[in-house]
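One structure is given here, and the rest of the page talks about it.
Just so it is clear: chains get the letters A, B, ... in the order the sequence lines come, proteins before strands, and each one is counted from 1.
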2 protein chains.
Amino acid sequence: MGTGPVKRRVTQDDVARAANVSRSTVSLVINGRAEGQIPEETRRRVLEAVRELGYAPNVAARMLAQGSNRLIGVFTYQQRFPFETHDFLYPFLLGIERQAAVEDYNLLLFTRAPKGGRRSVFQDGVNVLGMADGAVLMGSLTDRDELRQLVAEERPFVYVGRRDVPGCAFDWVSSDYRSGAREAASYLLAHGHRSICFTGIYFTEEPYRDRLTGCMEAVAEVPGAALHIIPDHVLDDAEAMYRFITDRDATALVCTGSRILARLIERLAPFGVAIPEDLSVVALSDEGGEFPLGLQPAHVRLNSVQVGAEAVRLLVERIEGRRKEPKSVLVPCALVPGNTVATINRSDHAWSS
Amino acid sequence: MGTGPVKRRVTQDDVARAANVSRSTVSLVINGRAEGQIPEETRRRVLEAVRELGYAPNVAARMLAQGSNRLIGVFTYQQRFPFETHDFLYPFLLGIERQAAVEDYNLLLFTRAPKGGRRSVFQDGVNVLGMADGAVLMGSLTDRDELRQLVAEERPFVYVGRRDVPGCAFDWVSSDYRSGAREAASYLLAHGHRSICFTGIYFTEEPYRDRLTGCMEAVAEVPGAALHIIPDHVLDDAEAMYRFITDRDATALVCTGSRILARLIERLAPFGVAIPEDLSVVALSDEGGEFPLGLQPAHVRLNSVQVGAEAVRLLVERIEGRRKEPKSVLVPCALVPGNTVATINRSDHAWSS
DNA sequence: CGCACCAACTAACGCGCGTTAGAAAGGGGG
DNA sequence: CCCCCTTTCTAACGCGCGTTAGTTGGTGCG
């Protein structure tokens, strides 16, 4: 409970005394509202006192008084904060940071965890986002009512990743997973593939559903083409997966991430599956990733960094009152051809006779 | 300036009116100080009103009232924030985040950049660190007076990386680069190497000087052993480097980072330098890194993540008044043998006849 | 002289809450 | 009836700040 015996902080009052003006004057100068109000000479005196005493505004007080801090909150529904590179949220954070710097905002990372349960913006019934001007939310959120509640509080926020909550409109930014996935599948179809596998998890969340939808759309346009969804439990069993693929005469695979892709390749290798001769693969990911054997995975670049940046841009628009209506942004993806897709020739293909 | 159109929220006053008690009573009940103060019946009435009106405390007000905002500032003297994985500050940030969660503090990242000049804690004459309860500083700082000024302000802070400012004591945490480097060199010496190269940059900063010092200490203990510092400009020129090494009959190399090591190996390969047959290498780094040819670099693990965590621990001690005296911590390193160090046999070595 | 006006400031309020001195009510003993 | 104690509650301050109505002292104009 040790209430910090931190030396009493320097306040505007202290500055005012030192500069021999009133506190209001100090506030005016500090907030740049000195134009035509306070003459240069006074301004200088105040600023000097500020620097001499080492004054710094109190975040809480500022927030309380008028609600702005130039602080952007970042909240993640993941257990831990997505600093780890291998976390799929990491590139978003990268973009958020970059754009925050551009927009001249500081970042408030809500690392404080709840005692035991799942992460929530409401801790002990308190909306922790309250310390920031607005917040970027991300990660997979199980309880949609939380979003409703959040909207009701009318504090600006942007969700990274499309989230569809009926009767509840808010800002979000997402990669255009659907178009991206469609493009990936089309690319494979254009190379002659007709039986394509698809890996994907968390189908309850929009971004994952969108990936599937995109693929299905592309496949539906080509007569005789089929898409096969690899069930989760199969992904963990190398042999089951090999069976799954060969049983369906599949010659291609769309992967939702480059890490999954790496695992798949690794696991299929013992069965003599060569990429791309036996199996063509396209990933949906931010980067190609590093692969053995000189493989440069064909992939649809998701531009997650840009998504994070866009989220901040939207948020700042809202915070600064330049926009009132909810808005959503789809960041386009880009196909990056690698060397993991081959033109199919069914006559001499290993398992498609 | 768009004042946030945040909807007026339910306050304790509202609850008090509804429960027909005073606001203080509400506060007491909510903060659990009702023991022996407020009878059960009243307590129940208040809590009911709370839940009925959907009251939620205002974080900012709460922080303001009790004087701490449970905020740890993070400031870096690097141009950009070390989110990028390849940034050498990145692991520190990882540790900081982790420990902040443990200590139940949020993180305030000072991403706001100065208009043009070099980064400084003082922006517009305001010490931005004041917004947090305390701060962790890192990165290479050119202006040591800034640290003096900071100490004078008596605001809690911890520097990541040893910084030696005469007549100015403050908290810092660092990997024990010196012992680590000594261990690296000793390891090579124990394998029979007598002519060892050393790469290192930024010698003006303590952590880099310490690396060199450690190596020199180890070499000095073995008669006939020599340490050769590779000048910066040589590092960029593959052929010059090859010459540098062979001219000195060097059979081993101590590298300050695993990325540098990767570059070196890559550049020496065209000259037919085999690792570890021709050249043994030890890196000072957090991880071995990913290398081709199945190389697992021998390295001295710096435990930077732990350094970051330790910094936060120190800081919180100070913030919460559990410690008054300056304190510094050296986090021990650990030698991780890989497969990049060979026992030297000068008779059949390529260039050491 | 009287009035209007301006520049340069300040007093004072309110943001929502934690905290504490102390008021009010009730009860019991002398 | 007075005094004192306990229980139950409240008034009021302060946290640090943004904002606005208003005050002060001076100048110009009729």
Distance-minimising heavy-atom pair for B/Asp133 and B/Arg70: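 The answer is OD2-N, 2.9 Å.
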
Grab the [atom1]-[atom2] distance between [X] and [N] for me, whole Å please.
X	N	atom1	atom2	answer
A/Glu40	C/dA7	CD	P	16 Å
A/Asp14	D/dC15	CG	C1'	13 Å
B/Ile30	C/dG16	CD1	P	14 Å
B/Ile38	C/dT19	CD1	C1'	12 Å
B/Arg23	C/dG18	CZ	P	8 Å
A/Leu28	C/dA12	CG	C1'	14 Å
B/Asn31	C/dT20	CG	P	12 Å
B/Gln66	C/dT19	CD	P	7 Å

Any side-chain donor paired with an acceptor under 3.5 Å for [X] and [Y]?
X	Y	answer
A/Glu103	A/Gln99	yes
B/Ser22	B/Thr25	yes
A/Tyr77	A/Glu146	yes

First of A/Ser22 and B/Gln12 reached from the 5' end of DNA chain C, by closest nucleotide: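 The residue whose closest nucleotide sits nearer the 5' end is A/Ser22.
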
Quick one: is [N] close enough that its OP1 or OP2 comes under 4.0 Å of any side-chain N or O from [X]?
X	N	result
A/Arg62	D/dG16	no
B/Ser27	C/dC17	no
B/Thr25	D/dT10	yes

Side chain A/Thr42 and base C/dA8 donor-acceptor under 3.5 Å: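 Not at all, since no donor on one side and acceptor on the other fall under 3.5 Å apart.
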
Candidate list A/Lys327, A/Arg163, A/Arg323, test salt bridge (charged side-chain N to carboxylate O under 4.0 Å, His left out), partner A/Asp171, passing option: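 Of the listed options, the one satisfying the test is A/Arg323.
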
Closest to side chain of A/Ser24, choosing from D/dT8, C/dG16, C/dT10: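 Of the options given, the side chain of A/Ser24 lies nearest C/dT10.
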
